[in-house]
Number of protein chains: 2
Amino acid sequence: MQELDECDKKILSQLQKNNRITAEELGQMINLSTSAVQRRLKKLREEKVIEADISVISPHAVGISITCIVDVTLHVGSSKVVDTFKSLISDCHEVTQCYYVTGAYDFVIIVNTKDMKHYENFSKKYLMDNPDVKQFYTHVVMDKVKAGLGVNI
Amino acid sequence: MQELDECDKKILSQLQKNNRITAEELGQMINLSTSAVQRRLKKLREEKVIEADISVISPHAVGISITCIVDVTLHVGSSKVVDTFKSLISDCHEVTQCYYVTGAYDFVIIVNTKDMKHYENFSKKYLMDNPDVKQFYTHVVMDKVKAGLGVNI
DNA sequence: TTTGAAATAAGCATTCG
DNA sequence: CGAATGCTTATTTCAAA
């Protein structure tokens, strides 16, 4: 993919807030014909500049009321330990985000559960009873000040 | 909003993976007429069970190559300090996520920047030179193992 | 009142100048 | 690149359960 021009950036900036906007509306905003916008949209999706188009579901509405951020340190003897943990967490539905990071601990994971009881179950199964986990520290989220995926375009 | 039934949940589960799917396709999946699906979609959007419909943009494609997770501790003298920090961060484009949490520190923020130089500028402006910030610790993300917003439906 | 199907409108993909 | 076309999808309406 070649460089994105200003129009592409404006389109992307809009889409990451609302992807149900029509090509016509987009065109009016950035002074481009509907066709031109459609061509760009097609290309941006084909080239995976737009990685996905999704709906954001209210966690509360589906019974999710607890979000925890957990700092995890592993007994890192080999890279296999890290890979095993990655794949374990990838398959865990309660975990919506997982980052392998530098610094005082190895992973930061964000866990969504129905209530504290369910979080307890999760932490037992995936953290306490996991011999590769050296230690972990749980932060309960009191306020999601900001919680998007958008990037600064 | 009353209880979501199984059909609603299946619809939501699909939409949070792909919201460009047609009502007809959704209907075939869950054995419902196109009209029925449309009615549910309309309601789910009206009642904000579907909070938003967005495109996910490739950070790499728009020149974002560094993601950092920062643990922030404030000099908490009053709730005003907390609120001020929340609003400061809300207006900061580099920060895509911000959580106010319990535990060893007060906030976890996720920061996206072009490169380390830009991260340094960010941290100077918003953290080092901010008298309300007692201390902060930066983790550089080496691998985004999982990075969605989806919830376990 | 709720459902599915038909009619209408709107948006998208494609072709052409 | 932009206008015009046909095609797909969404919205609205209506009749029946």
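Note that the structure is predicted; figures quoted are calculated from it, not measured. The chains referred to below are lettered A, B, ... by the order of the sequence lines, with proteins before strands, and numbering in each begins at 1.
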Report the C-alpha separation of B:Val95 and B:Tyr126 in whole Å, then their side-chain angles, then the decisive distance to 0.1 Å, and conclude whether the side-chain contact (heavy atoms from CB on, under 4.5 Å) test is met.
CA-CA 11 Å; B:Val95 176; B:Tyr126 288 90; over 6 Å; no
Rounding to an integer number of Å, can you tell me how far [X] [atom1] sits from [N] [atom2]?
X: B:Asn31; N: C:dG4; atom1: CG; atom2: C1'; value: 14 Å
X: B:Lys43; N: C:dT1; atom1: NZ; atom2: P; value: 13 Å
X: B:Arg40; N: D:dT11; atom1: CZ; atom2: C1'; value: 18 Å
X: A:Ile21; N: C:dA10; atom1: CD1; atom2: P; value: 17 Å
X: B:Leu41; N: C:dT3; atom1: CG; atom2: P; value: 14 Å
X: B:Glu24; N: D:dT9; atom1: CD; atom2: P; value: 7 Å
X: A:Asp53; N: C:dC12; atom1: CG; atom2: C1'; value: 14 Å
X: A:Gln38; N: D:dG6; atom1: CD; atom2: P; value: 17 Å

Where do B:Thr73 and B:Tyr137 land on the side chain to side chain donor-acceptor pair (under 3.5 Å) test, with the steps shown first?
CA-CA 9 Å; B:Thr73 307; B:Tyr137 190 92; over 6 Å; no
Before you tell me yes or no, could you show the steps for A:Val151 and A:Ile153 under side-chain contact (heavy atoms from CB on, under 4.5 Å), namely the whole-Å CA-CA distance, both residues' side-chain angles and the distance that decides it to 0.1 Å?
CA-CA 6 Å; A:Val151 289; A:Ile153 303 178; 4.0 Å; yes
Applying ring pair (Phe, Tyr, Trp, His ring centres under 6.0 Å) between B:Tyr100 and each of B:Phe107, B:Tyr105, B:Phe85, report the one that passes.
B:Phe107
Considering only heavy atoms and no angle criterion, is a donor-acceptor pair shorter than 3.5 Å present between the side chain of A:Arg20 and the base of C:dG11?
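Per atom types, no contact qualifies.
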Could you tell me whether B:Ser35 contacts a base, only the sugar-phosphate backbone, or nothing, with contacts defined as non-hydrogen atoms closer than 4.0 Å?
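Base contact.
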Ignoring backbone atoms, test whether A:Lys42 places a side-chain nitrogen or oxygen under 4.0 Å from the OP1 or OP2 oxygen of C:dT14.
yes
Is there a side-chain contact between B:Ser33 and the phosphate of C:dG4, meaning an N or O under 4.0 Å from OP1 or OP2?
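So the side chain of B:Ser33 is within the cut-off, an N or O lying under 4.0 Å from OP1 or OP2 of C:dG4.
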Looking at A:Lys114, I want to see if its NZ is surrounded by more than 12 non-hydrogen atoms of other residues, nucleotides or ligands under 6.0 Å.
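12 or below, so no.
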So if I take every side-chain heavy atom of A:Arg39 and compare against C:dC12, D:dA10, D:dC1, which nucleotide ends up nearest?
D:dC1
Between D:dC1, C:dG11, C:dG4, spot the one nearest the side chain of B:Ala36, thanks.
C:dG4
